[in-house]
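The structure under discussion appears below in the form of structure tokens.
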Amino acid sequence: MVVQSAVEEDITPWLNLASEVEYLFGPMVDDPKFLLALQKNISRGSAFCIRENDGLPGSRLMGGLLFSSSSAPVYKIGWLAVASRLRQQGVATALIKHVLSLVQRPAEVTVTTFGNDIADGLPARNLYIQHGFIPEEMVSNGPEGGSRQRFRLVLR
């Protein structure tokens with residue numbers, strides 16, 4: 001399981017992955033803003049993915065992550081998803097470990113994820129906590145109406 005920088009050929013598989021999680025994240029596949037954000041992250045080298053069987057660009061994705069270092073030393077995980085059939089197999093952990101290895105310390109890494117009221121979001125919350133992220137303030141609700149909470153990891 002190798003984390004790769006996403007390339008243009010990965011856009012269609014990325015959108016296929018996004019379609020699996022729209023029930024949690026809200027509409028993305030047909031949202032031009034999401035596509036623009038994905039293209040921007042790909043062009044600046046901040047979109048990371050794991051392709052099935054460590055395949056070539058354009059292969060089906062196991063998971064993907066969008067990462068921002070534009071406000072360093074505060075970094076941001078902007079989007080993380082894993083194919084439903086591959087969850088609990090270390091895909092998200094591999095993506096998180098990869099981006100944390102890119103962070104110049106001292107730093108903070110933030111992510112906004114699902115609140116306690118989103119049952120399907122509990123694995124994401126637990127994942128971040130397992131990696132040392134601390135739950136902080138609640139933020140605005142997501143597009144489906146459920147709550148969101150910011151998490152922060154301080155790296156010294």
Side-chain angles (χ1 to χ4, degrees), residues 1-31 34-69 75-105 107-135 142-144 146-155:
M1 188 175 344
V2 178
V3 177
Q4 301 284 331
S5 292
V7 295
E8 291 290 322
E9 293 87 353
D10 293 313
I11 290 176
T12 297
W14 199 292
L15 294 176
N16 291 336
L17 175 61
S19 72
E20 286 189 39
V21 295
E22 283 187 319
Y23 76 100
L24 283 168
F25 287 84
M28 292 177 285
V29 175
D30 295 323
D31 182 352
F34 180 75
L35 181 57
L36 185 63
L38 176 57
Q39 291 170 324
K40 180 179 177 181
N41 277 272
I42 287 173
S43 70
R44 69 179 182 198
S46 59
F48 301 97
C49 63
I50 298 175
R51 300 182 190 106
E52 283 193 13
N53 302 312
D54 297 327
L56 296 172
S59 298
R60 196 171 182 182
L61 296 186
M62 297 172 69
L65 184 151
L66 300 178
F67 188 64
S68 175
S69 61
Y75 298 79
K76 180 180 177 185
I77 296 172
W79 192 87
L80 170 61
V82 173
S84 58
R85 70 193 185 292
L86 298 168
R87 293 186 184 143
Q88 302 297 314
Q89 294 184 29
V91 176
T93 292
L95 288 163
I96 289 173
K97 284 182 176 181
H98 178 77
V99 296
L100 292 180
S101 75
L102 303 175
V103 171
Q104 284 201 288
R105 297 168 186 232
E108 294 181 8
V109 181
T110 65
V111 63
T112 298
T113 194
F114 307 101
N116 280 324
D117 59 326
I118 309 293
D120 286 347
L122 186 58
R125 293 175 59 83
N126 289 338
L127 172 77
Y128 292 118
I129 290 168
Q130 287 170 1
H131 287 282
F133 287 78
I134 305 296
E144 84 300 336
S147 67
R148 297 292 187 269
Q149 187 170 16
R150 182 166 293 117
F151 281 62
R152 182 175 316 276
L153 173 65
V154 175
L155 299 169

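Quick note: residue numbers are just sequence positions, from 1. As the structure is a prediction and not an experimental result, all values here were calculated from the model.
Counting all heavy atoms, side chain and backbone alike, Glu22 lies closest to Val29 at OE2-N, 2.8 Å. The minimum heavy-atom distance linking Gln149 with Pro135 is given by the pair NE2-CB, 3.4 Å. The minimum heavy-atom distance between Pro123 and Gln88, with the atom names listed, is CB-NE2, 4.1 Å. Scanning both residues, Ile50 and Ala94, for their nearest heavy atoms gives CD1-CB, 3.8 Å. Taking all atoms of both residues into account, the shortest heavy-atom contact from Thr113 to Ala124 is OG1-CB, 3.6 Å. Minimum interatomic distance between Leu24 and Arg148 (heavy atoms only, all atoms of both residues): O-NH2, 2.9 Å.
Crowding of Arg60 atom CZ: a count of heavy atoms from other residues, nucleotides or ligands under 6.0 Å not exceeding 12. Around atom CG of Asp117, more than 12 heavy atoms belonging to other residues, nucleotides or ligands sit under 6.0 Å away.
Residue Glu8 holds its CD atom at 7.5 Å from OG of Ser43, rounded to the nearest 0.5 Å. The CG atom of Leu80 lies 7.0 Å from the CZ atom of Phe25; values are rounded to the nearest 0.5 Å. Summarising the geometry, atom CG belonging to Asn126 is positioned 11.0 Å from atom NE2 belonging to His131; distances are rounded to the nearest 0.5 Å. Put simply, CE on Met62 and CG on Leu17 are 11.0 Å apart, with the number rounded to the nearest 0.5 Å. If you take CG on Leu127 and CG on Leu122, they are separated by 11.0 Å, rounding to the nearest 0.5 Å. Put simply, CG on Asn16 and CG on Leu61 are 8.5 Å apart, with the number rounded to the nearest 0.5 Å.
Put simply, the side chain of Val99 does not reach to within 4.5 Å of the side chain of Leu95, judged on heavy atoms. Annotation: side chain of Tyr128 is in contact with side chain of Ile77 (closest heavy-atom distance under 4.5 Å). Proximity of His98 to Ser5: side-chain heavy atoms (C-beta onward) are nowhere separated by under 4.5 Å. Contact of the Trp14 side chain with the Ile42 side chain is not registered, since no non-hydrogen atoms from C-beta on lie closer than 4.5 Å. Side-chain contact between Tyr75 and Gln104: present, with at least one pair of heavy atoms (C-beta onward) separated by less than 4.5 Å. A heavy-atom distance below 4.5 Å is not found between the side chains of Leu56 and Arg51. Side-chain atoms of Leu153 and Leu100, non-hydrogen and from C-beta on, do get closer than 4.5 Å to each other. Taking 4.5 Å as the limit, every side-chain heavy atom of Val154 sits out of range of all side-chain heavy atoms of Ile134.
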side-chain contact (heavy atoms from CB on, under 4.5 Å) evaluation trace for Arg125 with Asn116:
CA-CA 8 Å; Arg125 293 175 59 83; Asn116 280 324; 3.1 Å; yes

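Checked by atom type and distance alone, the side chain of Asn41 never pairs as donor or acceptor with a backbone atom of Leu38 at under 3.5 Å. For Arg87 (side chain) and Val82 (main-chain N/O), a donor-acceptor pair under 3.5 Å exists by modelled atom type. No donor-acceptor pair closer than 3.5 Å links the side chain of Thr110 to the backbone N or O of Lys76.
A ring-centre distance under 6.0 Å is not found for Phe151 and Phe114.
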